[in-house]
Amino acid sequence: MGVTIGEALKTKFFTGYHLIAGEKGLDREIQAVSLFDAPDGYKWVKGKEFMLSSGYLFKDNVELFREAILFLYKQNSTCIAVKKDRYLGDVPKEIIDLCNELGFPLINVPNNVAWIDIINAVNSIVMNRYITHIIDRKNADKLVLRSDDFHKKIEKTIICLSEELKYPISIVDILEKEVFTYPKEQPFLKDNISFSKEDNFSFNYQKEILCDKLNIYRIKNIEDSNKCPFVIIPIVIKGVTVSKLIVWEHSGKIDYYDLFVLRLSYTLLLEVYEQIYLMNSFERRFYDDLIRALINGELDSKQNLIKAISNIQDFKLNIENNFICVCIKQDEGNPSFYNDREKISTTFLLNIPKDKSIFGILDDNTIILLYDVKGYNKDVIKNVKKDFESIFKEIKNNFPDREIKLGIGDMVEDICSIKKSYVGSLKAVDIGSYIYTDGEMITFEDLGPFGLLRLESIQRKDFGNNFSHISPLLEEPDSDELISTLKVYLESESNCNIAAKKLFIHSNTVRYRIGKIQQICNIDLEDPIERLKVEITLKFINSLK
């Protein structure tokens with residue numbers, strides 16, 4: 001985009017300027033302002049520059065004046081403006097005739113004007129025009145001023161930007177997995193849109209940085225020169241890319257003033273996305289209470305649930321679908337999850353569509369997600385586990401010094417029945433932690449018969465006689481050594497040689513320890529029932545000590 005020289009001369013700043021020649025070229029566009037006063041300084045132009053000169057070079061040198069004008073015209077510069085009264089005096093008639101013939105504006109600059117004032121004035125004219133257009137659009141459409149209609153604001157900004165730049169524009173919403181493009185029906189969009197936070201294109205490309213501060217860059221397809229390049233501006237909230245503004249350069253590269261307008265549009269869009277982020281923050285706090293009410297059985301009917309969610313603007317779950325509860329739990333003694341709400345929320349918002357899940361913090365150490373699984377016709381648990389692999393990895397990376405586990409419950413018919421799945425997900429974490437000591441993602445399905453245990457029953461007294469067989473080992477001075485040997489021995493199918501290799505000791509040492517254990521505990525490890533009872537008890541030995 002830019003401003004024509006005719007538009008610039010009509011503004012208040014340029015009131016004292018005088019058009020000497022080249023009136024037919026007043027529609028030529030300014031995209032930059034440049035200054036030269038060296039004999040060959042005019043040769044380093046790119047096109048569409050408002051060229052400034054004191055005119056000293058052209059005093060008594062008509063040929064150089066003519067040569068400069070012809071060169072600038074050929075390079076598509078906008079005009080040339082000189083301080084005629086400082087050195088030139090009267091402009092030669094042949095120069096005036098040349099400018100009139102070419103339609104190349106020649107302008108007289110008042111002596112007392114500083115070059116920087118001219119540069120700032122042109123920049124301001126361009127920026128002010130864009131701001132005025134945005135304000136006019138807002139006044140024309142009051143809907144865009146409603147604080148709750150964020151997507152309308154985004155779309156109006158994109159439309160205004162596209163019409164100002166005269167390029168197609170897209171906004172790629174990474175959170176919502178949606179794309180808005182203006183004008184619509186652009187044939188070059190296919191295979192170029194990526195909802196990834198990173199660059200993830202299906203072709204080999206060249207990346208050119210246009211503004212490192214805002215990370216504005218150009219992507220060029222190096223496999224197919226017919227594909228138009230495009231400029232990307234990531235919109236970042238709290239260090240996370242939530243959206244991407246894309247300018248499709250189908251008719252040539254954007255210019256200097258285009259980048260100014262893009263920066264301004266970025267600021268406008270950033271403000272809107274920050275409002276969206278703030279709104280989501282409030283809603284996420286409500287989801288804490290909503291999820292707590294669901295798993296406590298307080299919302300046991302769809303009518304009650306519909307009433308509870310009626311005031312949530314952005315609630316997108318279909319409560320009629322099948323759901324699974326996912327529980328993420330950390331060990332006690334760590335900083336509360338409430339302290340890291342934004343970090344946790346951002347991870348889920350960027351990885352799970354809003355119509356797929358809601359999540360909340362249940363207590364200092366527990367995060368709960370209600371996950372829609374209607375789309376899975378088979379292997380539901382397996383697919384959910386796969387969906388959460390990368391998400392759970394990101395959660396662990398966010399809290400590298402904490403022991404965190406993820407549990408997945410069974411599927412329920414609707415969200416109002418989620419309490420059953422919640423209990424299963426909690427058992428998967430709490431009981432699974434004993435059974436699968438190295439496991440981090442455990443499903444209720446993985447527990448098998450252990451899922452029949454009650455969470456509150458993992459107490460020494462509740463194991464009764466089963467625990468009394470093992471309890472004498474805890475009184476021995478070498479109890480840790482004996483218990484470790486017993487575990488490995490049973491895991492090795494009662495094979496002393498295999499157990500010895502795993503423990504890096506002699507097989508006779510294993511035989512000695514097993515004999516000692518059987519004597520102390522008065523148990524027969526050859527009896528399969530006794531052996532099974534001991535194996536189960538050993539799974540929970542740490543909580544029974």
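We use all heavy atoms of the structure for the numbers below, so side chains are in, but hydrogens, waters and symmetry mates are not.
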Verify the ring-centre separation between Y371 and F388: is it less than 6.0 angstrom? yes
For a side-chain contact (heavy atoms from CB on, under 4.5 Å) check, start with the C-alpha distance between Q330 and F399, then their side-chain angles and the critical distance, and finish with the verdict. CA-CA 10 Å; Q330 67 174 359; F399 308 106; 5.8 Å; no
State, yes or no, whether a side-chain contact exists between F50 and R28 at a heavy-atom distance under 4.5 Å. no
I want to check something: taking the side chain as every heavy atom from C-beta on, are L369 and I352 in contact at a cut-off of under 4.5 Å? yes
Just checking E23: does its CD atom have more than 12 heavy atoms from other residues, nucleotides or ligands closer to it than 6.0 angstrom? no
Is the closest side-chain donor-acceptor distance between S77 and E49 under 3.5 Å? yes
Should we count OH of Y73 as having more than 12 external heavy atoms under 6.0 Å? no
Using side chain to side chain contact (heavy atoms under 4.5 Å, CB included) as the criterion, list what pairs up with N204, not counting sequence neighbours. I222, E223
Nearest non-hydrogen partners of I5 and L26, listed with the distance: CG2-O, 3.3 Å
Please check if the number of heavy atoms outside D90 that lie under 6.0 Å from its CG is greater than 12. no
Is it true that atom CZ of R402 has more than 12 heavy atoms of other residues, nucleotides or ligands lying nearer than 6.0 Å? yes
Does the ring of Y87 carry K59 above it, NZ/CZ under 6.0 angstrom from centre and within 45° of its axis? no
May I ask you to test the E249-I254 pair for a side-chain heavy-atom distance under 4.5 Å? yes
Do we get K356 above Y376's six-membered ring, with its NZ or CZ under 6.0 Å from the centre and within 45° of the axis? yes
Assert yes or no for the condition that the ring centre distance of F359 to Y287 is strictly below 6.0 Å. no
